[in-house]
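Let me give you the structure first, and then I'll get to my questions.
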There are 2 protein chains.
Amino acid sequence: MKFEAVTIKDIAKALGLSTSTVSRALRDSYEISEETKQLVLNYAKEINYRPNPIALSLKEKRSRTIGVVVSEIANSFFSQTINGIESIAHSKGYNVMITQSLESYEREVSNMQFLSSRSIDGCLVSVSVETENYDHILDLHKRGFNIVSFDRIIEPIETHKVKVDNFKGAYDATEHLIKNGYKNIAILVSGASLSITKERLAGYQKALEDYNIKVNDKFLRVCSHAGMTYEEVEQAMNELMTMKPRLDAVFSASDKLTTSLVKYCKLKKINIPETIGVIGYSNVDFMELLTPALSVVRQPAFEMGRVATELLLNMIESKRPVTDFENIILHTELIVRDSSAKKK
Amino acid sequence: MKFEAVTIKDIAKALGLSTSTVSRALRDSYEISEETKQLVLNYAKEINYRPNPIALSLKEKRSRTIGVVVSEIANSFFSQTINGIESIAHSKGYNVMITQSLESYEREVSNMQFLSSRSIDGCLVSVSVETENYDHILDLHKRGFNIVSFDRIIEPIETHKVKVDNFKGAYDATEHLIKNGYKNIAILVSGASLSITKERLAGYQKALEDYNIKVNDKFLRVCSHAGMTYEEVEQAMNELMTMKPRLDAVFSASDKLTTSLVKYCKLKKINIPETIGVIGYSNVDFMELLTPALSVVRQPAFEMGRVATELLLNMIESKRPVTDFENIILHTELIVRDSSAKKK
DNA sequence: TTTATTTACGCAATCGTTATCGTTAAATGC
DNA sequence: GCATTTAACGATAACGATTGCGTAAATAAA
């Protein structure tokens, strides 16, 4: 089954005009008489004519549509980001195409391919945990494709970048744990190739050093699938729980990991914060509803989406190639609740 | 800035062939000699030629892309549904365009408009809570647009429909509360125009009747924004909590409402299940991590996405117009945890 | 009246691709 | 040796919309 829309040709035929006249009448050209304009406009409204964006895209090589590539839309951080993206895009007359890689490099490549071939005007990208080679993005970028890198930054790309101060977010969380009496602090991170992993890990380590606590690699666990499965975090935690000296706190360095960590503690009946204190990056609103309520590092996700989209639309609408790129760093928020309460 | 891709014309020019020959060579036509085919194929690979789907869409009036309209992607139920949709679509070579209405009728209309004008081959729709007039969908459907209605069903449309047994899901939950000793059971529902609201409300009422409990309209609260803001649920609950006789349980009839209900109880320090028992429709994995763990009615969201997509692709790929429509009804799962424990 | 200028529209090219219909040259049939 | 088939390719129209250019008729200027 196919679906036939009304075209400019239908109007032209019905009214005994040429397609050019109809087109110009619809675009209110000075070359067309008032009479004819009204005739066309009225008939167009009557039969509910809508210009075909596909045809326009083909001709104009632009579509007033931007693309988004994230790892998972079910992730609270990203769905909030998407809401920010859409709020700006829609207010400026742009549509948004959303795709998710589910942390698969292959799917990220095919999503980029899909978007780029669809005449989108630009793209907001946060890479998957599997992505170590950026050629699928850099190649497009070199050929003039507008890209803004956000959250999980593509370091070698020369374009606008928007992220949070991952280092400070992790430093603050770790320092908070230390000040509350925790000493053997483990850290769960996502795949080592992600910019957020490197920066958050560095913040954690610096905090320990500043407070004269030895950084112990036994307390570092890398979840190379970014916590896409619970089992991954379960295994990491099982290992951590057997370490000597016994850990007394865990800092989980991403949204997904924090969620799985909470689940682990619940299932294993590990008391928080008595047995281990917990704090993690998370934008899940739910975390405050847990018992104990979870301390978190929260990112301004909606704002990040807005800022990144504004930069992208600036690039798109700029007449000359943009060469002066912004490197926006937003602030995280440390929300202290009960899961990291002072140690007795 | 614009982005120029490689076209068939570039290949033709470089190789001294016509575009028709190149096109046929790429599609492995018998009319082209092996020699020429290899020449074209090799060069195409070398310069990384990709057919332009926009041009194909314009010509073929199909795009191997399907659209999705949901109310909110951050909603666990819908994000799981989308994963199901993508799993089938991608396995059959289709792409997916995701849009969210955020429960706004206006945005739903513009999303449908966006998708339909983009040569998508069909669309999966779950309507917004504000939607009372279906003309934006029915008009497209009449003109041959392939649509499958899922979850929040468009009742008057004659096409495939996929949902759960909302009546039974609500009946089971209510019956469970009754059997555990609750008598004054309130219900929170979304806007009255949604099919899921009507069916779940009916299930709740039938259960009460079957157990000789008078249905009390004071215990019914309609959240006309489907719980898009917490305040909406807060107000509904504030009203319910003052009712005489005092309610001793609440059944929340949708994902968003359940989440807000939990938050309300936490913030107001209402003991669950001692002060009020709680059960609700929810696909949030987190619900088991609460204290007390929340009893829920869970929908097979992923499966619903898969089934709906299979039906849609069948319609799309059918030679003749489909006239025999499926009305799939999946089963909900009652997951009993601590929030609805037997009353002492 | 003749020429110049508007006015108001139509023609055709264009975007990238495919399908239909030729066309040319070589190969085959008799 | 000539007609006919076949292999291999090219020219062109089409999809829907826009736009530069051309042009007829009407009006203004000379």
Side-chain angles (χ1 to χ4, degrees), chain A residues 2-41 43-44 47-65 113 116-121 143-144, chain B residues 2-41 43-44 47-65 113 116-121 143-144:
Chain A
K2 66 273 161 189
F3 159 76
E4 308 278 344
V6 175
T7 78
I8 228 172
K9 213 179 273 185
D10 299 326
I11 302 180
K13 210 165 292 174
L15 263 41
L17 295 168
S18 75
T19 60
S20 14
T21 304
V22 174
S23 172
R24 272 182 274 244
L26 290 169
R27 318 197 101 238
D28 201 28
S29 159
Y30 68 97
E31 289 185 284
I32 305 298
S33 70
E34 259 327 302
E35 253 183 318
T36 311
K37 275 183 194 170
Q38 281 312 315
L39 192 69
V40 171
L41 254 39
Y43 186 71
I47 62 173
N48 195 31
Y49 166 79
R50 306 279 158 177
N52 181 330
I54 297 277
L56 286 175
S57 294
L58 181 59
K59 185 155 176 54
E60 314 251 318
K61 306 205 176 198
R62 76 189 302 256
S63 56
R64 291 193 80 81
T65 298
Q113 186 59 56
S116 71
S117 64
R118 223 116 201 133
S119 286
I120 62 166
D121 301 337
R143 291 196 282 148
Chain B
K2 66 274 162 188
F3 159 76
E4 308 276 346
V6 175
T7 77
I8 229 172
K9 213 179 271 183
D10 299 325
I11 302 181
K13 210 165 291 171
L15 264 40
L17 294 169
S18 75
T19 59
S20 7
T21 303
V22 174
S23 172
R24 270 182 283 238
L26 290 170
R27 319 197 102 236
D28 200 28
S29 160
Y30 69 98
E31 288 186 286
I32 307 297
S33 69
E34 264 321 306
E35 251 183 321
T36 311
K37 275 184 196 170
Q38 282 310 316
L39 191 70
V40 171
L41 254 36
Y43 186 71
I47 62 173
N48 194 30
Y49 167 80
R50 305 279 159 180
N52 181 331
I54 296 278
L56 285 175
S57 293
L58 181 59
K59 188 154 176 53
E60 314 247 315
K61 306 205 177 197
R62 75 188 303 253
S63 56
R64 292 193 80 80
T65 298
Q113 187 59 57
S116 72
S117 64
R118 236 138 185 116
S119 287
I120 62 164
D121 301 336
R143 291 196 282 149

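Every chain is numbered from 1, with letters handed out A, B, ... down the list of sequences.
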Exercise. Which atom names give the shortest non-hydrogen contact between A/A25 and A/L41, and what distance separates them?
Worked result: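 In terms of heavy atoms, the two residues are closest at O-CD1, 3.9 Å.
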
Exercise. Looking only at heavy atoms, what is the nearest atom pair of A/L56 and A/P51, with distance?
Worked result: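 Heavy-atom minimum between the residues: CD1-CB, 4.2 Å.
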
Exercise. Separation of B/K59 atom NZ from D/dT12 atom C1', in whole Å?
Worked result: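 Distance check: B/K59 NZ to D/dT12 C1' gives 11 Å.
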
Exercise. Atom CG in B/L15, atom OG1 in B/T36: separation rounded to 0.5 Å?
Worked result: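 These two atoms lie 9.0 Å from each other.
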
Exercise. Taking all non-hydrogen atoms of both residues, which atom of B/S117 and which atom of A/I54 are closest, and how far apart?
Worked result: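 That closest heavy-atom pairing would be O-CG1, 3.8 Å.
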
For this session: Mind running side-chain contact (heavy atoms from CB on, under 4.5 Å) on B/I47 and B/Y43 for me, showing each step along the way?
Result: CA-CA 6 Å; B/I47 62 173; B/Y43 186 71; 3.5 Å; yes

Problem set entry | Atom pair distance, as rounded to whole Å: CZ in A/R24 and C1' in C/dA8 |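 Result: 10 Å.
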
Exercise. Could you state the CG-C1' distance from B/L58 to D/dA14, rounded to the nearest angstrom?
Worked result: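 Taking CG of B/L58 and C1' of D/dA14, I get 9 Å after rounding.
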
Exercise. Looking only at heavy atoms, what is the nearest atom pair of B/S57 and B/S63, with distance?
Worked result: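 Looking at all heavy atoms of both residues, the closest pair is OG-CB, 3.3 Å.
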
Problem set entry | Rounded interatomic separation in angstrom, taking NZ from B/K37 and P from D/dA7 |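 One finds 12 Å between P of D/dA7 and NZ of B/K37, rounded.
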
Problem set entry | No-H, no-angle donor-acceptor pair, A/R118 side chain to C/dG16 base, under 3.5 Å |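 Not at all, since no donor on one side and acceptor on the other fall under 3.5 Å apart.
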
Problem set entry | End axis versus end axis in the helix from C/dT1-D/dA30 to C/dC30-D/dG1, the angle rounded to 10°, five pairs used at each terminus |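 So the angle between the two local helix axes works out to 70°.
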
Exercise. Which whole-number value in Å describes the distance from A/E60 CD to C/dG16 C1'?
Worked result: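 Rounding to the nearest Å, CD of A/E60 and C1' of C/dG16 are 15 Å apart.
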
Problem set entry | Contacting residues from residues 50-57 of chain A, given that a heavy atom lies under 4.0 angstrom of DNA chain D |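 Under 4.0 Å from DNA chain D: A/R50, A/P51, A/N52, A/A55, A/L56.
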
Exercise. Which atom pair, heavy atoms only, marks the closest approach of A/T65 to B/R118?
Worked result: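 The answer is OG1-NH2, 3.3 Å.
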
For this session: Using the test side-chain hydrogen bond (donor to acceptor under 3.5 Å, both in side chains), find all partners of A/K37 that sit at least two apart in sequence or belong to another chain.
Result: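 By the side-chain hydrogen bond (donor to acceptor under 3.5 Å, both in side chains) rule, A/K37 matches A/D28.
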
Problem set entry | Residues in side-chain hydrogen bond (donor to acceptor under 3.5 Å, both in side chains) contact with A/R64, at least two apart in sequence or another chain |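 A/R64: no side-chain hydrogen bond (donor to acceptor under 3.5 Å, both in side chains) contacts found.
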
Ignoring hydrogens and angles, write down the donor-acceptor pairs under 3.5 Å from the side chains of residues 16-23 of chain A, residues two or more places apart or on other chains.
from: A/S18; atom 1: OG; to: A/S20; atom 2: N; distance (Å): 3.4
from: A/S18; atom 1: OG; to: A/S20; atom 2: OG; distance (Å): 3.2
from: A/S18; atom 1: OG; to: A/T21; atom 2: N; distance (Å): 3.2
from: A/S18; atom 1: OG; to: A/T21; atom 2: OG1; distance (Å): 3.0

Problem set entry | Close approaches to DNA chain C from residues 29-36 of chain A, in residue order (heavy atom, under 4.0 Å) |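 Per residue number, the list reads A/E31, A/I32, A/S33, A/T36.
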
For this session: Can you run down the salt bridge (charged side-chain N to carboxylate O under 4.0 Å, His left out) pairs that involve residues 8-18 of chain A, sequence neighbours left out, and say none if there aren't any?
Result: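 Every candidate salt bridge (charged side-chain N to carboxylate O under 4.0 Å, His left out) pair involving residues 8-18 of chain A fails, so no pair, neighbours aside, qualifies.
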
Exercise. Can you list the residues that meet the side-chain hydrogen bond (donor to acceptor under 3.5 Å, both in side chains) rule with A/R24, with sequence neighbours excluded?
Worked result: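 For A/R24, no residue satisfies side-chain hydrogen bond (donor to acceptor under 3.5 Å, both in side chains) once neighbours in sequence are set aside.
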
Problem set entry | Residues forming a side-chain hydrogen bond (donor to acceptor under 3.5 Å, both in side chains) with A/R27, sequence neighbours excluded |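 For A/R27 there are no side-chain hydrogen bond (donor to acceptor under 3.5 Å, both in side chains) partners, ignoring immediate neighbours.
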
Problem set entry | d(OH, A/Y49; C1', D/dT18) in whole Å |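 Taking OH of A/Y49 and C1' of D/dT18, I get 10 Å after rounding.
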
For this session: Within residues 8-20 of chain B, find the residues that approach DNA chain D with a heavy atom at under 4.0 Å, and present them sorted by residue number.
Result: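 Contacts with DNA chain D under 4.0 Å: B/G16, B/L17, B/S18, B/S20.
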
Exercise. Contact class for B/R27 (heavy atom, under 4.0 Å): base, sugar-phosphate, or nothing?
Worked result: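 Sugar-phosphate, backbone atoms only, no base.
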
For this session: Measure from CD1 on B/I47 to C1' on C/dG16 and round the result to the nearest Å.
Result: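 Between C1' of C/dG16 and CD1 of B/I47: 14 Å.
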
Problem set entry | Closest heavy-atom pair and its distance - A/T7, A/Y49 |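 Residues A/T7 and A/Y49, closest heavy atoms: C-CE1, 3.8 Å.
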
Problem set entry | Donor-acceptor pair under 3.5 Å, B/R62 side chain vs C/dT17 base |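 Such a pair does not exist between side chain and base.
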
